[in-house]
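Take a look at the structure below.
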Protein chains: 2
Amino acid sequence: MPPAPAARAKLLDAFVTILLEQGERAATLEAVAAAAGVSKGGLLYHFPTKDALVEGLAEHVEKLAAEDVDLMRAAPEGPVEYYIRTSVFADTPLDRAGVALTRLSQTANPRAREALQRIHQGWFDALAEEIGDHATARAVALIGDGLYYRAAMSGETSTTPPEDVDDLLAVVRRLTRTD
Amino acid sequence: MPPAPAARAKLLDAFVTILLEQGERAATLEAVAAAAGVSKGGLLYHFPTKDALVEGLAEHVEKLAAEDVDLMRAAPEGPVEYYIRTSVFADTPLDRAGVALTRLSQTANPRAREALQRIHQGWFDALAEEIGDHATARAVALIGDGLYYRAAMSGETSTTPPEDVDDLLAVVRRLTRTD
DNA sequence: GTCTATACCCAGATAGAC
DNA sequence: GTCTATCTGGGTATAGAC
């Protein structure tokens, strides 16, 4: 990979921020360019079309998610606990970019949807490997999805209180222990 | 309530269908009007602005969801089983309209978001009443949310196979039984 | 209650200067 | 590599006929 110019990263970051804070409709080329401190023309040099911008975000998220799956598999507390803990919105780069991509996914962006599907599959596989039972793994994955999508929808930047996460984790442990 | 003209219902239905099949971007006034078999002007007689159309959909979904909560509380198999079973996308009027509204919710429609929040709260309350333990109720609610949002995102019109639902239900029963 | 016509605006994209 | 025009299409909304 070439050095990856700073402007590209800044543009993607601006795209994510607007998507998070104002939704898809507000994420116009002009708005993204302005937020990144360049002109529309400047943006279009790096991303020739809007689809290219979406594509760039999708790739970015897939890369971050792949790294996350590695972390998940290597986590001392195990994939399940890692997964649940990190499913609550925590304003990490992956959270931000992931939620932003989710907002695009319903619009009509097959690319965004495919990426998200692969990402979720990666998480699920890691869960299923630890849990064994398919249906239980599915239930755990769905709990994470629920947390994730709630964050993606409700525009909440708020973090779920730690004790709530602990309570939820206790429930999940009860679920996986009996297998 | 006045007789509620058929055209209004047809327009809302067309709005829902386009939202489901092609996403928010495609749901323009013209497209909705055409799908409902009227002209743009005709649509604008019933819904003076696009916001009014969204508002109309939100109200419609809230009404359907309120009825669903009643059914849920009265369900012979109990609220929990009813909730999980009906959380998978089944192409019912409520499913369709609910998913359509979900697609709108991230855009920047506070109205759509508020409606969805109230709706989810209604379901959660009914669950918590049966389950007792707050954290467990939350977990069950999240599993349903996960199913729901997955349908909302992936543009899947496909129905989850019944045996998968049964498997999931078995897991949920294990979860609630121990309380 | 529904239609046509049209005004207005803004998003996405192109061309070409610097 | 970034900028300033500028074109074009299409989305929302208004006016007014039928």
Side-chain angles (χ1 to χ4, degrees), chain A residues 1-58 100-101 103-112, chain B residues 1-58 100-101 103-112:
Chain A
M1 270 192 291
R8 242 189 93 97
K10 272 184 89 163
L11 283 163
L12 282 180
D13 193 57
F15 190 32
V16 166
T17 300
I18 295 177
L19 246 11
L20 278 181
E21 292 175 1
Q22 302 174 64
E24 195 238 325
R25 274 236 147 118
T28 65
L29 297 187
E30 196 152 283
V32 172
V38 299
S39 69
K40 222 199 289 197
L43 185 163
L44 287 166
Y45 169 78
H46 293 284
F47 301 98
T49 67
K50 185 151 199 191
D51 274 355
L53 185 60
V54 173
E55 173 70 27
L57 177 59
L101 189 62
R103 298 231 168 140
L104 288 175
S105 71
Q106 58 206 345
T107 295
N109 276 300
R111 184 60 188 82
Chain B
M1 269 195 289
R8 242 189 94 97
K10 272 184 89 163
L11 283 163
L12 282 180
D13 193 57
F15 190 32
V16 166
T17 299
I18 295 177
L19 246 11
L20 277 181
E21 293 175 0
Q22 304 174 62
E24 196 237 324
R25 274 236 146 118
T28 65
L29 297 187
E30 194 152 282
V32 172
V38 298
S39 71
K40 227 196 289 194
L43 186 163
L44 287 165
Y45 170 77
H46 294 283
F47 301 99
T49 67
K50 185 150 198 192
D51 274 356
L53 186 59
V54 174
E55 174 71 27
L57 177 59
L101 189 63
R103 298 233 168 137
L104 250 22
S105 71
Q106 59 206 342
T107 295
N109 276 302
R111 184 61 187 82

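Reminder, nothing fancy here: chain letters follow the sequence lines and each chain counts from 1. The figures that follow rest on heavy atoms only: side chains count, while hydrogens, waters and symmetry mates do not.
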Next item on the list: Using a heavy-atom cut-off of under 4.0 Å over every strand shown, decide if A/T28 touches base, sugar-phosphate, or nothing.
Entry: sugar-phosphate
Next item on the list: Identify whether any heavy atom of B/L44 sits under 4.0 Å from a base atom; if not, whether one sits that close to sugar-phosphate; answer base, sugar-phosphate or nothing.
Entry: base
Between [X] ([atom1]) and [N] ([atom2]), how many Å, whole number?
X     : N      : atom1 : atom2 : answer
B/L53 : D/dA13 : CG    : C1'   : 14 Å
A/E55 : C/dG12 : CD    : C1'   : 18 Å
A/E30 : C/dC10 : CD    : P     : 10 Å
B/K40 : D/dG16 : NZ    : P     : 18 Å
A/L43 : D/dC3  : CG    : C1'   : 13 Å
B/L29 : D/dT14 : CG    : C1'   : 13 Å
A/Q22 : C/dA11 : CD    : P     : 12 Å
B/F47 : D/dT12 : CZ    : P     : 15 Å

Next item on the list: Return the minimal non-hydrogen interatomic distance between A/A14 and A/A35, and the atom names on each side.
Entry: CB-CB, 3.8 Å
Notebook entry, point to check: Mapping A/D51 and B/G42 onto DNA chain C by nearest heavy atom, which one lands closer to the 5' end?
Noted result: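 Taking each residue's closest nucleotide, the earlier one in sequence belongs to B/G42.
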Notebook entry, point to check: Closest to the B/S39 side chain: C/dC3, C/dA13, C/dT2?
Noted result: C/dC3
Margin query: Return whichever of B/G41 or B/K50 has its heavy-atom-nearest nucleotide of DNA chain D closer to the 5' end.
Written below: B/K50
Check: For A/Y45 and D/dG1, is the shortest distance between a side-chain N/O and OP1 or OP2 below 4.0 Å?
Finding: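 Yes, A/Y45 has a side-chain N/O under 4.0 Å of OP1/OP2 on D/dG1.
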Check: Using 4.0 Å as the upper bound for N to carboxylate O, is an ion pair formed by B/E30 and B/K40?
Finding: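 Yes, charged N to carboxylate O under 4.0 Å.
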Notebook entry, point to check: Are A/F47 and A/V32 close enough that some pair of their side-chain heavy atoms sits under 4.5 Å apart?
Noted result: no
Margin query: What I'd like to find out is whether the side chain of B/L53 reaches to under 4.5 Å of the side chain of B/L12, using heavy atoms alone.
Written below: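 SC-SC contact between B/L53 and B/L12 confirmed.
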Check: Can you tell me if NZ on B/K50 sees more than 12 non-hydrogen neighbours from other groups inside 6.0 Å?
Finding: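 It does: B/K50 NZ has more than 12 such atoms within range.
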